[in-house]
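To start, the structure under review is shown below, and the notes come after it.
All values below come from the heavy atoms of this structure, side chains included, with hydrogens, waters and symmetry mates left out. So that the names make sense, note that chain A is the first sequence line, chain B the second, and so on, each numbered from 1.
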Amino acid sequence: MTDTIHRRRIQVLADKPLMRELIAKAAAVGIENYTLFQAAGGMGESGRWTDDQVTGATAKQMFLAICDKDHEAAFTDAVQPILDSHGLMLLISDVEVVRGKKY
Amino acid sequence: MTDTIHRRRIQVLADKPLMRELIAKAAAVGIENYTLFQAAGGMGESGRWTDDQVTGATAKQMFLAICDKDHEAAFTDAVQPILDSHGLMLLISDVEVVRGKKY
Amino acid sequence: MTDTIHRRRIQVLADKPLMRELIAKAAAVGIENYTLFQAAGGMGESGRWTDDQVTGATAKQMFLAICDKDHEAAFTDAVQPILDSHGLMLLISDVEVVRGKKY
Amino acid sequence: MDAALSTLLSPVILFFALGILAGFARSDLAIPESIAKGMSLYLMAAIGLKGGVQVAEAGFTAEIGLALLAGLSLSALLPLIAFPLLRGFGRLDGINAGAVAAHYGSVSVVTYVTGVEILTAMDTAPAGFMVAVLALMETPAIVVGIWLAARGTDKGAPGTSRNLWHEVLLNGSVVLLVGAFFVGLLSGPSGFAPVAPLFEDIFRGILCLFLLDMGLIASRRLLEAKALTKRLVTLALVLPVINGAIGAAIAALIGLEGGTAAALAILAASSSYIAVPAAMRMALPQANAGLYLSLSLGITFPFNITLGIPLYSWMAATFAGLLS
Amino acid sequence: MDAALSTLLSPVILFFALGILAGFARSDLAIPESIAKGMSLYLMAAIGLKGGVQVAEAGFTAEIGLALLAGLSLSALLPLIAFPLLRGFGRLDGINAGAVAAHYGSVSVVTYVTGVEILTAMDTAPAGFMVAVLALMETPAIVVGIWLAARGTDKGAPGTSRNLWHEVLLNGSVVLLVGAFFVGLLSGPSGFAPVAPLFEDIFRGILCLFLLDMGLIASRRLLEAKALTKRLVTLALVLPVINGAIGAAIAALIGLEGGTAAALAILAASSSYIAVPAAMRMALPQANAGLYLSLSLGITFPFNITLGIPLYSWMAATFAGLLS
Amino acid sequence: MDAALSTLLSPVILFFALGILAGFARSDLAIPESIAKGMSLYLMAAIGLKGGVQVAEAGFTAEIGLALLAGLSLSALLPLIAFPLLRGFGRLDGINAGAVAAHYGSVSVVTYVTGVEILTAMDTAPAGFMVAVLALMETPAIVVGIWLAARGTDKGAPGTSRNLWHEVLLNGSVVLLVGAFFVGLLSGPSGFAPVAPLFEDIFRGILCLFLLDMGLIASRRLLEAKALTKRLVTLALVLPVINGAIGAAIAALIGLEGGTAAALAILAASSSYIAVPAAMRMALPQANAGLYLSLSLGITFPFNITLGIPLYSWMAATFAGLLS
Ligand SMILES: Nc1ncnc2c1ncn2[C@@H]1O[C@H](COP(=O)(O)O)[C@@H](O)[C@H]1O
Ligand SMILES: Nc1ncnc2c1ncn2[C@@H]1O[C@H](COP(=O)(O)O)[C@@H](O)[C@H]1O
Ligand SMILES: Nc1ncnc2c1ncn2[C@@H]1O[C@H](COP(=O)(O)O)[C@@H](O)[C@H]1O
Ligand code: NA
Ligand code: NA
Ligand code: NA
């Protein structure tokens with residue numbers, strides 16, 4: 001049986017124009033690798049939205065990074081101050097991976 | 001270190017034309033905020049499907065809502081009767097968030 | 001209150017041209033049902049990428065399957081040898097579902 | 001019949017055949033969904049617009065009123081014929097029979113457009129107001145289909161919420177067809193001239209590409225169809241012929257001429273692939289979407305595009321001859 | 001005014017009205033986002049290209065230099081007028097006032113294009129170099145808006161990283177407009193001829209479909225707007241008129257003629273919906289995106305497309321008359 | 001050379017240059033992926049269709065058979081030349097060398113189309129049947145490349161499952177090219193006329209926009225390329241010249257004329273960016289996709305579009321001269 005290793009799954013929902021800043025913040029605490037997913041729409045305290053490629057201002061993407069607990073803590077500390085101002089949603093959960101060295 | 005709070009991650013895969021009903025059901029039990037993601041294809045007991053914008057009938061989306069245990073229980077009770085008839089897939093898991101008041 | 005049953009959430013990020021092989025590998029160990037999601041971009045050890053429909057070679061999708069522990073173990077064993085050669089990312093986590101017979 | 005052969009060898013039909021072949025051969029040829037949707041919207045905007053311009057030129061006549069009434073009645077009544085056949089001969093339950101019946105009462109924009117192409121090539125172009133008839137025929141069948149399905153279940157009318165009616169009446173395809181029709185009506189031929197290069201000149205080419213995609217979709221539907229029985233396949237070939245004959249008869253009775261009569265027969269025979277499937281998914285979620293899409297898109301649509309259109313045109317001409 | 005009526009009944013404006021109506025009626029009519037984006041890029045490539053070709057034909061003149069200077073100044077100065085009005089009368093905080101002011105200093109490609117259509121229909125087509133003015137006016141307002149917002153906050157200039165300047169200056173829409181302009185300039189009329197069927201002939205038709213989508217977007221923005229006050233709505237109607245008047249006055253002062261003067265007034269009055277919203281989201285993430293999009297897209301844009309363009313054209317003609 | 005200058009200043013090439021520049025400047029200009037894919041499919045449908053119509057007009061000749069045979073042989077043999085160069089001089093392992101070799105044996109639709117545009121502008125349009133040669137040349141190189149890669153590994157032929165062969169032979173681009181060719185052949189010039197506004201008139205304009213996107217893709221590939229060595233860059237410039245020379249020589253030997261000979265040279269020199277990358281990802285997942293895409297799309301493609309096409313045309317003319 002293949003052994004799995006415990007890691008942390010970080011997900012951040014953010015407006016597309018803010019993604020570059022978020023990726024830079026992650027890289028600054030050592031999280032270089034990530035995957036992005038397009039969100040299609042949603043509703044939050046700042047209202048309802050749908051994908052919008054023409055203005056490009058309100059399209060949202062989900063940032064996903066798998067990392068260990070230390071990197072996760074550093075990342076959470078780094079983005080915590082901008083969660084409200086930037087309208088982000090940060091989700092953290094447990095995940096198992098196979099090649100622990102890679103993540 | 002930033003403190004995180006435990007919440008529940010609700011995900012429901014549903015046909016796009018049924019999403020409006022699902023969102024209404026969630027709102028009825030107090031889950032107002034959500035995010036939608038487009039699915040690209042899949043296979044289930046009712047057969048294989050791919051995204052299909054022309055007829056619009058078989059495109060599926062994933063509904064995501066973060067909430068506390070009570071809201072989760074109410075939501076599960078509310079959608080449980082239509083899971084089979086509507087061909088839904090309901091997934092629930094643990095997640096940690098930072099701003100507990102918001103979720 | 002509706003009872004939930006514990007299952008495993010398998011996710012595999014893979015290049016679109018490799019998805020067919022992955023789906024076949026899953027079916028071979030008894031995981032017939034799945035859902036696919038389009039990824040929009042990312043960064044890994046093999047470099048940065050974005051969705052690319054013209055060449056079709058570097059677009060990635062996320063494969064999602066819900067199954068029990070035995071199927072999960074069989075699947076992990078089956079894909080473990082190709083994780084590196086095929087550039088896959090395999091994630092496993094806990095999830096609760098309602099209709100245990102189905103998953 | 002030289003005209004028929006030249007029709008079958010026109011790029012429009014050949015691209016459709018290419019799509020069918022590629023789909024059955026399991027080629028990975030695929031047109032991006034958003035492009036297909038964009039072409040579908042373009043076709044509706046273009047025929048709506050051109051229909052309106054033609055009515056602006058030709059003026060309103062009593063014939064228009066009669067044709068609209070005929071279309072409305074056909075859309076509402078055809079499901080009442082299909083439903084018992086689907087339940088009895090087809091052995092479907094009430095909900096699935098209602099869902100399928102709605103498709104056959106409603107209409108297919110692309111079947112109509114392809115019919116117009118073929119009729120125009122034979123110098124019997126239908127009148128522009130038939131676009132209004134097309135738009136009018138989209139929804140009544142939905143209402144009747146849901147009502148039929150509801151009769152069979154104890155729970156009363158399923159999903160007949162206000163949301164649903166709103167959705168059905170303000171369905172995007174109906175709004176675009178009707179809206180573009182009024183744009184054409186208000187702007188007239190002189191307003192249309194500057195936009196003709198998009199909405200007229202490249203129309204046939206876009207139709208080719210869209211039919212290529214429809215061929216791919218139709219054949220893939222069939223390959224993945226699970227619930228199809230021989231009886232249902234038979235109905236998917238017989239129902240359009242029955243409906244087409246009824247449409248041709250009514251066209252003859254109300255005195256529609258040539259291509260216009262053929263167009264009504266084609267509309268009656270066509271089955272929906274846009275407005276109705278989405279509405280049924282919403283109103284009758286218990287119905288099997290794979291079933292109604294396979295029947296409507298996988299069998300009836302290809303039949304209509306290739307053999308149906310000439311058949312219904314011939315019926316319309318014959319019935320008109322009988323009455324005169 | 002016969003010309004005005006025929007303008008309002010042109011398909012371009014009627015499709016926009018259709019989009020507005022369908023949006024308010026909450027129809028599910030929607031054009032796929034990637035198609036809308038594709039049409040937006042097409043319109044920019046086409047007007048850039050045609051502008052360049054026209055300059056290649058007409059040659060460089062002192063007028064071009066003056067017009068470019070006027071555009072640059074307008075884009076940089078108009079936010080300085082909008083900002084105190086938004087803070088004082090509109091009661092916005094510094095960051096939101098700066099973000100909104102940037103939109104009104106910058107320009108809207110589609111308002112310009114629609115203006116050109118209408119002016120051309122009235123035989124007063126603006127000079128081709130106005131496309132270069134349009135491109136030049138996109139960004140200065142962004143810089144000034146961010147600077148205004150930064151003055152109001154203690155933290156100093158927010159987000160004024162190198163990344164941001166790069167993003168603003170090499171914004172896709174600016175690069176495409178300017179790039180296509182140079183392609184047109186270098187290839188000239190003989191190079192343009194073989195590509196004219198795409199970039200010239202079907203242009204008006206594409207504009208119809210794009211305005212249909214803009215109508216849908218504008219009305220949905222308004223329906224979902226939460227932060228709009230009466231004062232802000234008033235400003236969204238008054239600011240374009242002030243800006244249009246200033247643009248018309250400057251056009252008269254530097255001696256621009258007919259349609260060219262009207263085009264400068266229209267550019268001044270128009271408010272951005274492409275380059276600025278994305279830049280503001282990045283530079284001023286604390287600003288309320290719903291607010292500036294509702295004002296710019298939901299109110300000012302429809303006002304400009306329908307009533308504004310004739311008004312600014314009239315202003316330009318009147319001011320020119322006063323000075324001569 | 002006036003013709004060469006006017007070629008370099010044609011919008012088609014200038015839009016490509018604009019894409020390259022915008023990509024290197026890291027502008028955020030981007031064409032939605034589904035639109036780019038749609039344009040790619042459109043280009044294939046259009047050239048297939050037109051090629052078929054031309055053959056319907058010109059009739060079948062022995063020349064066609066010879067050209068098809070030549071194309072088939074080139075596609076199968078060119079990888080055998082590229083492979084040892086990539087292993088020896090390029091220092092690649094067997095799997096990567098096989099994957100890259102397959103790209104250089106196969107063909108690029110857009111390089112061909114751009115070549116046809118340039119040749120047509122110089123009044124030496126190639127024969128329509130060259131589209132069939134293009135389609136035929138897509139796949140043999142894939143088979144040979146996989147075989148070459150498999151020889152180097154112990155595990156035997158990797159991924160040579162039935163699925164793979166199916167995928168390679170019924171690849172969407174091949175099916176569309178061949179299918180549209182037969183549509184054109186069957187419908188002929190009179191069938192083509194009504195769809196010419198889409199497939200002929202706006203073709204050059206669409207090519208401009210597609211090349212804009214290819215310029216963006218090519219330059220971004222280069223910016224993100226990690227595995228490129230000087231030796232590999234050299235090969236990406238030398239291989240197309242060797243292949244082009246061989247193609248030109250064979251064209252002369254079998255007696256192809258003017259533009260048709262040039263077209264065979266261009267096809268031989270071009271390297272694939274559609275059918276092959278996806279097939280390699282599937283058949284040789286261990287190969288580095290970044291590597292073959294950077295070489296084929298990032299270096300060879302821009303070289304061919306700008307300098308290569310005139311060079312190969314000159315070679316074809318020279319070799320033909322030597323033999324006559
Ligand atoms: N075990 C599973 N894992 C992942 N996705 C599933 C699973 N079962 C069903 N699905 C998804 O849910 C859809 C509907 O399922 P069904 O009702 O079984 O046809 C399928 O088409 C899949 O996309
Ligand atoms: N509880 C939630 N569950 C899922 N998504 C949420 C939730 N709250 C907010 N979101 C998403 O995050 C976006 C921004 O949230 P907000 O800042 O509250 O407007 C929303 O538009 C939703 O897409
Ligand atoms: N730690 C990570 N977190 C999220 N996504 C990752 C991570 N590592 C790799 N990926 C994704 O997996 C793809 C392939 O990874 P690699 O094989 O390392 O190039 C990357 O391009 C990313 O999209
Ligand atoms: Na019907
Ligand atoms: Na302005
Ligand atoms: Na080649």
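Each of Arg220(F), Glu224(F), Met39(F) has some count of heavy-atom pairs under 4.5 Å with chain C, and the biggest count is that of Glu224(F).
Only the side chain of Leu293(F) comes within contact range of chain C, judged by heavy atoms closer than 4.5 Å. For Asp51(C), the parts lying under 4.5 angstrom from a heavy atom of chain F are both the backbone and the side chain. If you measure heavy-atom distances from Asp84(C) to chain F, you find no contacts under 4.5 Å at all. For a residue to count as touching a neighbouring chain, one of its non-hydrogen atoms must lie under 4.5 Å from one of that chain's; by this rule Thr58(C) touches chain F with the side chain only. Ser272(F) does not touch chain C: none of its heavy atoms, backbone or side chain, sits under 4.5 Å away.
Closest approach of Thr55(C) and Ala278(F) over heavy atoms only: O-CB, 3.9 Å. Considering every non-hydrogen atom in both Leu18(C) and Met282(F), the closest pair reads CD2-CA, 4.0 Å. For the pair Gln53(C) and Ser34(F), the tightest heavy-atom approach, listed with the atom from each and the gap, is OE1-CA, 3.6 Å.
The list of ring pair (Phe, Tyr, Trp, His ring centres under 6.0 Å) pairs with a residue in residues 84-103 of chain C, not counting sequence neighbours, is empty.
The structure places CZ of Arg20(C) at 7.5 Å from NE2 of His166(F), a figure rounded to the nearest 0.5 Å.
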